[in-house]
Amino acid sequence: MLEIIFTLLMLVLLQAVLGFDNLLYISLESKKAPESEQKRVRKVGILIAIVLRIILLFVLVSIIDFFKAPFSFMTGELGNVASFAFNGHSLIVLAGGGFIIYTAIKEIWHMIGAHDLDQDIEGDGTRGKSASAVITSIVIMNLVFSFDSILAAIGLTSDIENATTAFIVMAIAIVISGLLMLFLADRISVFLAKNRMYEVLGLFILFIVGIMLVTEGGHLAHLKLFGNPIESMSKTTFYFVLFILIIVDVVQGRYQKKILAENARIKAKSEEKI
């Protein structure tokens, strides 16, 4: 019994750590919905995702070999340029990573080019997406983010002999982590709304998340380019880069405040002389 409780706590911790980038995506994506719908969008998206995660867990437990075994029709070489052996897992991770990179670059480009930051990316003056479209995006990306965490959870529960007990433990961990996401999603969104300068930091973190997923997908597909294997970015490297980005952003923000204060003093002195 103690072993099961310990495993459950480890699973909840794992889901919480791996769920940070998911929460960030939810907070940024929900801004595309009409303002009055944003809170509901986050709640509905996460609740639907919890249910689908449990379904995904059941599917993976049942046919896990299908996702790990390479597809024969997607295995081969392109001369000396590339070799690959794609499986279901690698394709899902690659698609999710590519989409996140595209989303991050699009949003960063919008921030640079838009005169009104609240306008739609397409420039028609609307929020850009309906509530249902945003919910769909949140649910899909939640599943992409949860794929690895569920596979890790299956590995953590491999010592539990009873398959039904292992499934129940994993399902409970998914529900607890989902409720935790539900609790934190609004708070992160409110923080970003009050501190909009951190949106840029958030988007670059998402960009790195996308790169991490793409490299992981390439590694899972045994992808080699010009004879060099694609190595996945480790979680340690990801969190180190995340730490550096946050430190740089904080230092730059404080330095910018000092520069603005100094410019204000110089301007005030020049006006006094006049």
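- Interatomic distance, CG of Asp249 versus CZ of Arg254, reported as 11.5 Å (0.5 Å rounding).
- Of all heavy-atom pairs between Ala33 and Val41, the closest is CB-CG2, 4.0 Å.
- Under a hydrophobic clustering in which Ile, Leu, Val, Met, Phe, Trp and Tyr are joined whenever their side-chain heavy atoms come within less than 4.5 Å, directly or via other members, Val209 and Phe240 fall into different clusters.
- With rounding to the nearest 0.5 angstrom, the NZ atom of Lys106 is 11.5 Å from the CG atom of Leu203.
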For a side chain to side chain contact (heavy atoms under 4.5 Å, CB included) check, start with the C-alpha distance between Ile205 and Leu242, then their side-chain angles and the critical distance, and finish with the verdict.
CA-CA 7 Å; Ile205 291 174; Leu242 177 63; 3.0 Å; yes
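- Hydrophobic clustering (ILVMFWY, side-chain heavy atoms < 4.5 Å, transitive): Leu260 and Ile266 are in distinct clusters.
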Side chain to side chain contact (heavy atoms under 4.5 Å, CB included) between Lys267 and Asn263, intermediate numbers included:
CA-CA 6 Å; Lys267 184 177 180 180; Asn263 290 339; over 6 Å; no
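- When every heavy atom of Gly227 is checked against every heavy atom of Pro229, the shortest pair comes out as O-CD, 3.6 Å.
- Minimum heavy-atom separation, Ala82 to Leu225: CB-CD2, 3.9 Å.
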Please report the C-alpha distance between Lys39 and Asp186 in whole Å, then the side-chain angles of each, then the deciding distance to 0.1 Å, and finally whether the side chain to side chain contact (heavy atoms under 4.5 Å, CB included) criterion is met.
CA-CA 7 Å; Lys39 190 171 183 178; Asp186 287 344; 3.2 Å; yes
Might you work through the side chain to side chain contact (heavy atoms under 4.5 Å, CB included) test for Leu220 and Phe86, ending with a clear yes or no?
CA-CA 7 Å; Leu220 290 169; Phe86 291 100; over 6 Å; no
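- Here CD1 of Ile211 is found 6.0 Å from CE of Met233. Values are rounded to the nearest 0.5 Å.
- Relative orientation of the Phe204 and Phe207 rings is perpendicular, given thresholds of 30° and 60° on the angle between their planes.
- Annotation: the span from Ile174 atom CD1 to Leu179 atom CG amounts to 12.0 Å, rounded to 0.5 Å.
- Follow the hydrophobic side-chain contacts under 4.5 Å out from Ile244 and you never reach Val241; the two are in separate clusters.
- Residues satisfying the side-chain contact (heavy atoms from CB on, under 4.5 Å) criterion with Ala185, sequence neighbours excluded, are Leu23, Arg42, Ile46.
- Ala131 approaches Arg40 most closely through the heavy-atom pair CB-NH2, 3.6 Å.
- Arg53 and Ser177 make their closest contact through NH1-OG, 4.0 Å (heavy atoms, listed as atom of the first residue, atom of the second, distance).
- Note: Leu245 CG to Ile208 CD1 = 4.5 Å, rounded to the nearest 0.5 Å.
- When only modelled atom types and interatomic distance are considered, Ser234 and Thr236 share no side-chain donor-acceptor pair under 3.5 Å.
- Here the side chains of Phe58 and Ile54 are not in contact, with every heavy-atom distance at 4.5 Å or above.
- Residues Leu78 and Met74 share a single hydrophobic cluster, defined by chaining ILVMFWY side chains whose heavy atoms lie under 4.5 Å apart.
- Closest approach of Glu29 and Val134 over heavy atoms only: O-CG1, 3.5 Å.
- Note: Ile48 CD1 to Ile140 CD1 = 11.0 Å, rounded to the nearest 0.5 Å.
- Under a hydrophobic clustering in which Ile, Leu, Val, Met, Phe, Trp and Tyr are joined whenever their side-chain heavy atoms come within less than 4.5 Å, directly or via other members, Ile247 and Leu201 fall into different clusters.
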